[in-house]
Student: 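Quick one: the structure is below, questions incoming.
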Amino acid sequence: MMGVALRRLASALPVLLLVSLITFGMMRLIPGDPAAAIAGLSATPQQVAQIRADLGLDQPFLQQLVHWYGGLLQGDLGRSILMGRGVFAVTMERLPVTLGLSAYALVLTLLIGLLCGIAAALKQNTIIDQLAMVFAMIGISVPSFFLGLVMIIVFAVHLGWLPTGGYVPFAQDPWGWFRSVTMPAISLALLQAGLLARITRSTMLEVMRQDYIRTARAKGLPYHQVVFRHALANALIPITTVVGIIISLLLSGAVVTEALFSIPGIGQLLTQAVLNRDYPMVQGGLLLVTGFLVLVNIGIDLLYAVLDPRVRYE
Amino acid sequence: MSLLEIRNLTTAFGTESGQVTAIEDISFGIEPGEILGIVGESGSGKSVTALTVMGLLPRPPAKILSGSVMFDGQDLTKLSERQLQKIRGPGIAMIFQEPMTSLNPVFRIGEQIMETIRAHERLSPRALRDRAVQLLAKVGIPSPERRMDDYPHQLSGGQRQRVMIAIALACNPRLLIADEPTTALDVTIQAQILDLLMDLRDELGMAIMIITHNMGVVAETADRVLVMYAGRIVEQSPVERLFDAPLHPYTRGLLDCVPSLEHDRPRLVAIPGSLPEPARRPSGCRFRPRCAHAAPACAETLPILAERAPAHAAACIRLPEIAAAMAEPA
Amino acid sequence: MSEVLPLAAAPEAVERAPKRRHPALAALRRLFRHRLFLTGLFLFGIIAFLAAAAPWITTADPNRLSMRNKFLPPGGDYILGTDNFGRSLWSRVVWGAQLSVIIGISVVALNAVFGTLIGALAGYFRRVDNVLMRINDALMAFPAILLAIGVTAMLGPSTMNVILALGIVYVPRTARIVRASVIVLREMEYVQAAVAAGAGHWRILRHHILPNAMAPMIVQLSFLFAYAVLSEATLSFLGLGAVPPTPTWGNIMAEGRDFMRDAPWIIAIPGVALMLTVLGLNMLGDGLRDVLDPRLRIQQ
């Protein structure tokens with residue numbers, strides 16, 4: 001188990017190195033002079049020069065690179081132009097909001113996706129299967145911001161059941177938090193639930209055809225034990241991989257959802273940074289979120305080893 | 001009274017192009033403690049027969065069209081899934097061809113044995129574990145106590161098949177169905193597994209239905225043999241008689257394919273052609289297109305299994321002519 | 001929001017006979033008996049038609065303001081109503097369809113060319129594999145939409161930059177799928193036989209490997225089209241796509257947001273159009289996968 005963890009961490013290092021290099025390079029994608037772009041049209045040459053110096057863009061390329069990696073090692077990702085504070089600190093402040101929303105959406109995704117997928121596989125080619133798959137197909141086809149808008153119009157504007165937007169911290173008022181993030185979480189979860197349902201179905205169908213399922217039935221095990229113990233234990237292995245992808249999708253999706261429902265998480269932070277040309281914030285935020293995802297995927301791989309003894313004993 | 005009595009069993013599969021029968025009008029019995037061999041090429045319906053008995057065919061697409069499977073005074077074809085679960089294990093147990101894939105890869109082998117017992121009996125955890133260790137010892141797994149906590153991928157193919165047998169024996173079944181139990185194993189391991197099965201029969205008195213395409217396996221283990229071809233039984237005989245005096249041309253063909261030191265045969269002869277697909281079976285006798293002795297009459301009626309000598313039956317209308325032809329010196 | 005999943009195409013075994021009589025025709029025949037595929041084709045066909053015929057089926061300029069006619073509900077003189085500036089929603093949505101389709105085709109083309117090239121090189125030549133796949137892994141580690149947002153943020157909002165950003169996001173994913181097929185095919189006996197017969201690398205790739213890696217590729221590209229359309233709408237909804245007043249579905253919806261209480265159709269019409277497009281493309285992809293990719297076909 002420790003071996004798996006160490007090997008996985010080692011293989012993540014080059015990825016992280018390249019990811020940070022790519023984010024470093026992103027600033028160089030800006031056509032023309034980034035400092036001028038940030039400063040805007042009405043800026044004086046002095047102001048532009050000031051910004052250039054702040055960003056370190058007046059230094060030679062190599063020195064900028066060394067500076068970037070030196071900063072990374074100390075957890076220094078630069079300063080947000082908009083906020084005037086360190087990117088790392090600002091991101092960490094907003095992270096819990098996004099994580100709470102994503103976790104809620106993940107729970108919904110797992111509940112709906114696994115349930116639909118398993119039911120569809122067990123009742124293959126029946127009306128249950130067809131309904132579940134139509135739902136999944138619609139799920140993967142409805143843009144989450146459109147679903148969010150429709151829900152706002154129906155449940156907030158017309159029925160008045162839930163707030164149209166805004167955010168209540170959990171620590172301050174758990175019920176208020178629940179009300180404020182329910183619509184965002186649903187609109188975020190639907191796409192992933194559709195994906196998960198489709199994959200769970202095909203995985204379960206595949207597993208149910210395996211020889212060991214026939215063995216389990218030949219032993220005289222009750223049906224629920226065959227399905228929920230023997231089949232599910234094996235189906236969860238590939239499904240776990242998909243959950244890793246789903247977490248990545250949830251964090252991406254949160255950007256749009258947070259903008260739509262005015263939730264002050266990382267998504268909103270990044271959108272505002274982008275719209276205000278706060279390049280250091282965009283760069284640092286992207287790197288932090290991606291780094292977080294790389295860690296999540298290491299966790300997923302460890303979970304994989306827990307579920308599959310063949311991986312554990314390799 | 002027979003332990004298992006199958007009467008006129010016909011099982012079909014629904015396919016895109018309509019219903020296709022996999023086995024037709026199968027009738028035979030198994031006595032307590034008997035080893036019955038069922039031989040035939042793959043696709044002849046051996047495994048479908050076994051899976052029909054176990055109630056393990058997916059329905060749909062499989063469907064039992066007619067017949068009965070009497071076991072213990074009950075017709076297994078009439079039982080619900082829940083009732084069948086009580087039979088599987090303590091009544092009839094089964095082992096399969098692929099020991100590599102027949103065990104669940106994510107559970108320890110001890111657990112896979114114990115859960116079988118748990119499904120049918122109430123035992124304390126201590127007694128449960130003891131029984132599982134005993135079973136592993138009985139099937140010849142060295143240091144069974146240590147092996148209990150191994151996962152299937154840590155065992156060799158032969159050992160996995162032994163574990164499968166231990167699972168099958170877990171509830172002292174009265175009938176063990178072994179579907180090609182040695183096909184996937186090395187030759188030396190094959191003999192060990194067959195010896196193990198025969199020893200267990202002698203020790204536990206259970207009947208065994210052994211399904212194989214290998215005449216050698218039949219010769220070594222079975223008391224009585226059924227030969228199947230294209231979904232039907234073509235010959236049925238005690239094992240010595242089948243090898244000494246085969247009747248059906250298909251059986252003769254199968255025996256001619258077996259190299260032998262004891263019997264003095266001129267050469268190995270392969271049966272020409274191949275097993276017809278279920279949807280494209282010929283009229284009349286199914287073996288007709290591949291048979292050296294076929295006559296026009298063979299195309300007209302489906303030959304039925306008829307007794308030609310005590311306990312020895314064959315389904316062929318040209319037996320007298322064939323016997324005469326064989327008696328003539330070539 | 002959009003990510004290319006491993007199941008979208010066949011990563012591992014692509015086993016098929018090197019030559020059959022008319023495999024393409026046989027596949028086509030099965031496709032046209034596939035209900036899901038036909039439904040998808042129909043839905044996407046409508047959008048594609050609107051996109052292609054935009055100049056002839058719209059009378060009003062999508063950007064012509066007409067303050068007298070603002071907030072007209074669908075059904076009157078303006079068949080789909082008007083927005084807050086009195087612009088014809090029919091015109092705007094149809095021109096938006098054209099933009100969506102253009103972006104979809106461009107992203108698919110970028111992926112078809114560069115995804116195949118990188119995937120084939122990495123899969124066939126082990127020496128470059130390591131380098132290319134490390135870079136690939138790093139690019140795929142970014143959440144898809146966030147990377148697209150980051151790239152467009154740096155490049156500046158425009159249609160061209162959206163295409164470029166989506167290319168950067170999705171080409172690595174396509175390359176990975178092509179690479180997986182190529183690795184399997186490279187080891188197939190008929191390819192080994194061609195190598196033994198002295199065929200050159202280029203010839204082997206072109207004649208023996210790429211044609212057989214096409215099936216998972218086509219399936220992947222149809223899903224990719226859906227992701228591209230969806231991502232573009234998302235980016236422009238966030239204000240990172242083509243600059244307003246360019247009529248993109250995302251732009252129309254973003255502008256309609258402030259009036260959703262009284263004029264919900266401004267959001268609903270492009271929203272439904274977007275949904276039907278993505279739905280059609282996903283169905284198309286499912287159908288293609290069922291027919292072209294035997295490994296993933298779910299047996300009955």
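Heavy-atom basis, side chains included; hydrogens, waters and symmetry copies ignored. Not measured: the values here are computed from a predicted model.
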Student: Within the supplied structure, the quantity of interest is the number of heavy atoms (other residues, nucleotides, ligands) at a distance under 6.0 Å from C/Phe114 CZ; does it exceed 12?
Tutor: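 Incorrect, the count does not exceed 12.
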Student: Within the supplied structure, the quantity of interest is the number of heavy atoms (other residues, nucleotides, ligands) at a distance under 6.0 Å from A/Tyr69 OH; does it exceed 12?
Tutor: yes
Student: Does any N or O in the side chain of C/Arg257 come within less than 3.5 Å of the main-chain N or O of A/Leu260, such that one atom is a donor and the other an acceptor?
Tutor: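 Yes: the side chain of C/Arg257 pairs with the backbone of A/Leu260.
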Student: My understanding is that only one of A/Ile266, A/Val282, A/Val255, A/Thr290 makes a side-chain contact (heavy atoms from CB on, under 4.5 Å) with C/Leu146; could you say which?
Tutor: A/Val255
Student: Please identify each residue that fulfils salt bridge (charged side-chain N to carboxylate O under 4.0 Å, His left out) with A/Arg8, with sequence neighbours left out.
Tutor: A/Asp301
Student: Counting only non-hydrogen atoms closer than 4.5 Å, can you tell me which residues of residues 266-280 of chain C sit against chain A?
Tutor: C/Ile267, C/Ala268, C/Gly271, C/Val272, C/Leu274, C/Met275, C/Val278, C/Leu279
Student: Are A/Leu149 and C/Phe237 packed together at the side-chain level, in the sense that at least one heavy-atom pair is separated by less than 4.5 angstrom?
Tutor: yes
Student: Mind listing the closest non-hydrogen atom pair of C/Ala138 and A/Ile22 along with its distance?
Tutor: CB-CD1, 4.0 Å
Student: What heavy-atom pair brings C/Pro143 and A/Ser248 nearest, and what distance separates the two atoms?
Tutor: CA-OG, 3.8 Å
Student: List for me each residue that meets salt bridge (charged side-chain N to carboxylate O under 4.0 Å, His left out) alongside A/Asp211, sequence neighbours excluded, and say none if there are none.
Tutor: A/Arg214
Student: Quick one, A/Phe145 with C/Leu238, criterion side-chain contact (heavy atoms from CB on, under 4.5 Å). Give me CA distance, side-chain angles, the key distance, then yes/no.
Tutor: CA-CA 10 Å; A/Phe145 62 91; C/Leu238 290 175; over 6 Å; no
Student: Mind checking whether C/Leu240 and A/Val274 have side chains closer than 4.5 Å, heavy atoms only?
Tutor: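 They are in contact (side-chain heavy atoms under 4.5 Å apart), so the answer is yes.
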Student: Identify which part of A/Val289 has an atom lying under 4.5 Å from any heavy atom of chain C, answering side chain, backbone, both or neither.
Tutor: side chain
Student: Locate the shortest heavy-atom distance separating A/Leu286 from C/Leu147; write the atom from each residue and the value.
Tutor: CD1-N, 4.2 Å
Student: Testing the basics here: between C/Met154 and A/Met26, what is the closest heavy-atom pair and its distance to 0.1 Å?
Tutor: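 Shortest heavy-atom separation between C/Met154 and A/Met26 comes out as CG-O, 3.5 Å.
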Student: Of all heavy-atom pairs between A/Val15 and C/Ala141, which one has the smallest distance, and what is that distance?
Tutor: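 Where A/Val15 meets C/Ala141 most closely, the heavy atoms are CG1-CB, 4.0 Å.
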Student: What distance separates C/Ile149 CD1 from A/Ser252 OG, expressed to the nearest 0.5 Å?
Tutor: 8.0 Å
Student: Shorter than 4.5 Å, heavy atoms on both sides: which option in A/Ile140, A/Leu251, A/Val294, A/Thr271 has the most such pairs with chain C?
Tutor: A/Ile140
Student: Got a sec, which residues hit side chain to side chain donor-acceptor pair (under 3.5 Å) with C/Asp286, two or more places apart in sequence or on another chain?
Tutor: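 Once residues adjacent in sequence are excluded, the partners of C/Asp286 under the side chain to side chain donor-acceptor pair (under 3.5 Å) criterion are A/Arg198, C/Arg289.
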Student: Which atom pair, heavy atoms only, marks the closest approach of C/Arg134 to A/Pro14?
Tutor: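 Shortest heavy-atom contact: CD-CB, 4.3 Å.
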